[in-house]
Chemist: 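Sharing a structure with you now.
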Amino acid sequence: MSSTPHDPFYSSPFGPFYRRHTPYVVQPEYRIYEMNKRLQSRSEDSDNLWWDAFATEFFEDDATLTLSFCLEDGPKRYTIGRTLIPRYFSTVFEGGVTDLYYILKHSKESYHNSSITVDCDQCTMVTQHGKPMFTKVCTEGRLILEFTFDDLMRIKTWHFTIRQYRELVPRSILAMHAQDPQVLDQLSKNITRMGLTNFTLNYLRLCVILEPMQELMSRHKTYNLSPRDCLKTCLFQKWQRMVAPPAEPTRQPTTKRRKRKNSTSSTSNSSAGNNANSTGGKKKTAAANLSLSSQVPQGLGAIPNCSLNPGRDGDLCHSTAVTPSGQFKEKH
């Protein structure tokens, strides 16, 4: 009688751990392989929902993506948040790219308490362009990824530093247009800048404006306020955080036991207390006589006083000026 997998004395030919479902952690490089497969499964009909699902699968909710490279006018560095990452990947394909994948060579991994860092000094971003001409672009640089150490293994930070790029044109295309100097001149020109299309570069420049406006957009969606009211409340709260002093830790009152003292000690204590009260009274009087004009230089002293109510001209903030005599005067 042959044994079956349901038999308690069954011995698996694949080892003693064949029937156990033990949890395991996926290698970080395998997550990049899965991301490449997901990008290859993209179709021409992929909408914003598809790209948002792609970013949700591979990026954390608070993830950031940073690109560093050097153009003709100097070094550039762009950092975008989680809400702008899906649009970044879609702009790559809108610029004429038909295929996108990443190749990691000789990467180093370091494990921390709640994250895994992958440092790959030889990373290549390969893009296949179908227009304006058939070209393969290899963008080389250093890629530093930080994954969360959990079952999802999503990316928390993405930092890609581009060093160089190469644009490869097939020899068959060159042979087809060998007798046409205009086409050859067009083939000799680069179709990307540091391996990035103009669509992607323009989007990164736009993100410089869009990234600080994320707070306004989220407040508009949450409270359904007008853009002007969202700007007022955000500016007012930011001003409050700048002006408000740091909170001091509360001290618990200490209870002391009263001790009985003789008459001589009480007399000496009362005389000492009277001297202390007189000294404290002098200090308070001197502080009261201290003029505000001695603390604020003349000609300066415009203290911002922002409020949600606009001024007479519709301005958001009005200021309070300090006169040389130490009095306040409100200006709009």
Side-chain angles (χ1 to χ4, degrees), residues 47-56 58-69 71 73-92 94-95 146 154-160 196-248 292 296-297 299-323 327-332:
D47 53 0
N48 295 332
L49 295 178
W50 190 94
W51 286 111
D52 190 68
F54 164 79
T56 303
F58 295 99
F59 290 90
E60 285 287 336
D61 296 337
D62 56 346
T64 58
L65 187 146
T66 304
L67 291 177
S68 302
F69 49 89
L71 295 179
D73 54 348
K76 306 293 181 181
R77 180 188 176 96
Y78 297 99
T79 301
I80 59 178
R82 166 63 182 81
T83 54
L84 301 178
I85 289 177
R87 180 63 179 162
Y88 161 75
F89 283 96
S90 65
T91 56
V92 175
E94 290 176 2
E146 182 182 358
R154 296 191 297 183
I155 301 172
K156 191 173 183 180
T157 58
W158 173 298
H159 191 177
F160 188 36
L196 303 175
T197 61
N198 290 328
F199 278 82
T200 304
L201 288 176
N202 293 334
Y203 177 72
L204 292 176
R205 297 189 189 100
L206 185 62
C207 288
V208 178
I209 303 174
L210 292 178
E211 189 65 32
M213 294 179 63
Q214 295 301 311
E215 185 178 359
L216 297 177
M217 296 177 182
S218 62
R219 188 176 296 274
H220 172 70
K221 292 181 180 180
T222 305
Y223 301 102
N224 197 17
L225 297 175
S226 63
R228 185 178 180 85
D229 292 338
C230 292
L231 181 61
K232 288 180 182 180
T233 53
C234 289
L235 288 177
F236 180 69
Q237 291 182 358
K238 187 174 183 180
W239 176 81
Q240 278 186 329
R241 292 193 295 266
M242 294 172 60
V243 177
E248 297 181 357
L292 183 62
V296 181
L300 300 176
I303 304 174
N305 186 10
C306 295
S307 63
L308 291 177
N309 299 322
R312 286 177 291 181
D313 298 333
D315 297 334
L316 176 60
C317 303
H318 61 278
S319 60
T320 305
V322 182
T323 60
Q327 299 179 355
F328 292 94
K329 182 180 179 181
E330 185 173 348
K331 300 191 302 180
H332 291 279

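Start at 1 with the first residue, then count along the sequence.
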Chemist: Tell me the closest heavy-atom pair linking W51 and P86, and the distance in Å.
Modeler: O-CB, 3.6 Å
Chemist: What do the steps show when you test F89 against I85 for side chain to side chain contact (heavy atoms under 4.5 Å, CB included), and what is the final call?
Modeler: CA-CA 7 Å; F89 283 96; I85 289 177; 3.7 Å; yes
Chemist: Run K232 and Q237 through side chain to side chain contact (heavy atoms under 4.5 Å, CB included) and show every step you take.
Modeler: CA-CA 9 Å; K232 288 180 182 180; Q237 291 182 358; over 6 Å; no
Chemist: Looking at CD1 of I80 and CG of L206, how far apart are the two atoms once the value is rounded to the nearest 0.5 Å?
Modeler: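 One finds 11.0 Å between CD1 of I80 and CG of L206.
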Chemist: Name the residue from T222, L225, N224 that meets the side chain to side chain contact (heavy atoms under 4.5 Å, CB included) definition with C230.
Modeler: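 Looking at T222, L225, N224, the match for C230 under the side chain to side chain contact (heavy atoms under 4.5 Å, CB included) is L225.
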Chemist: Quick one: ring-ring contact (aromatic ring centres under 6.0 Å, His included) partners of Y203, sequence neighbours excluded?
Modeler: none
Chemist: What is the distance from atom CZ of R77 to atom CG of L204, rounded to the nearest 0.5 Å?
Modeler: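 Between R77 CZ and L204 CG, I get 13.0 Å after rounding to 0.5 Å.
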Chemist: Quick one: do K156 and D61 make a salt bridge, cutoff under 4.0 Å?
Modeler: no
Chemist: Just checking D47: does its CG atom have more than 12 heavy atoms from other residues, nucleotides or ligands closer to it than 6.0 angstrom?
Modeler: yes
Chemist: Going by an N to O cut-off under 4.0 Å, is there a salt bridge joining E60 and R154?
Modeler: yes
Chemist: Fit a plane to each ring of W158 and F59, take the angle between them on a 0 to 90° scale, and name the class: parallel (under 30°), tilted (30 to 60°) or perpendicular (over 60°).
Modeler: tilted
Chemist: Look at the rings of F54 and F58 and say which category their plane angle falls in: under 30° parallel, 30 to 60° tilted, over 60° perpendicular.
Modeler: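 Rings of F54 and F58: tilted, as their planes differ by 30° to 60°.
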Chemist: For Y88, is the OH atom crowded, meaning more than 12 foreign heavy atoms sit under 6.0 Å from it?
Modeler: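 Atom OH in Y88 is packed in, count exceeds 12.
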Chemist: Test side chain to side chain contact (heavy atoms under 4.5 Å, CB included) on F69 and L196; report intermediate values, then the result.
Modeler: CA-CA 10 Å; F69 49 89; L196 303 175; 3.7 Å; yes
Chemist: Rounded to the nearest 0.5 Å, how far apart are OG of S226 and CG of L231?
Modeler: 9.5 Å
Chemist: Supply the atom-to-atom distance T200 OG1 to N198 CG, rounded to the nearest 0.5 angstrom.
Modeler: 9.0 Å
Chemist: Report the distance from atom OG1 of T79 to atom CG of L84, rounding to the nearest 0.5 Å.
Modeler: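 The OG1 atom of T79 sits 11.5 Å away from the CG atom of L84.
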Chemist: Quick check on side chain to side chain donor-acceptor pair (under 3.5 Å): which of D62, T64, T56 does R82 satisfy it with?
Modeler: T56
Chemist: Quick one: OG1 on T197 to CG on L201, what's the gap to the nearest 0.5 Å?
Modeler: 6.5 Å
Chemist: Only counting residues at least two apart or in another chain, list the ones meeting side-chain contact (heavy atoms from CB on, under 4.5 Å) with D73.
Modeler: L71, K76
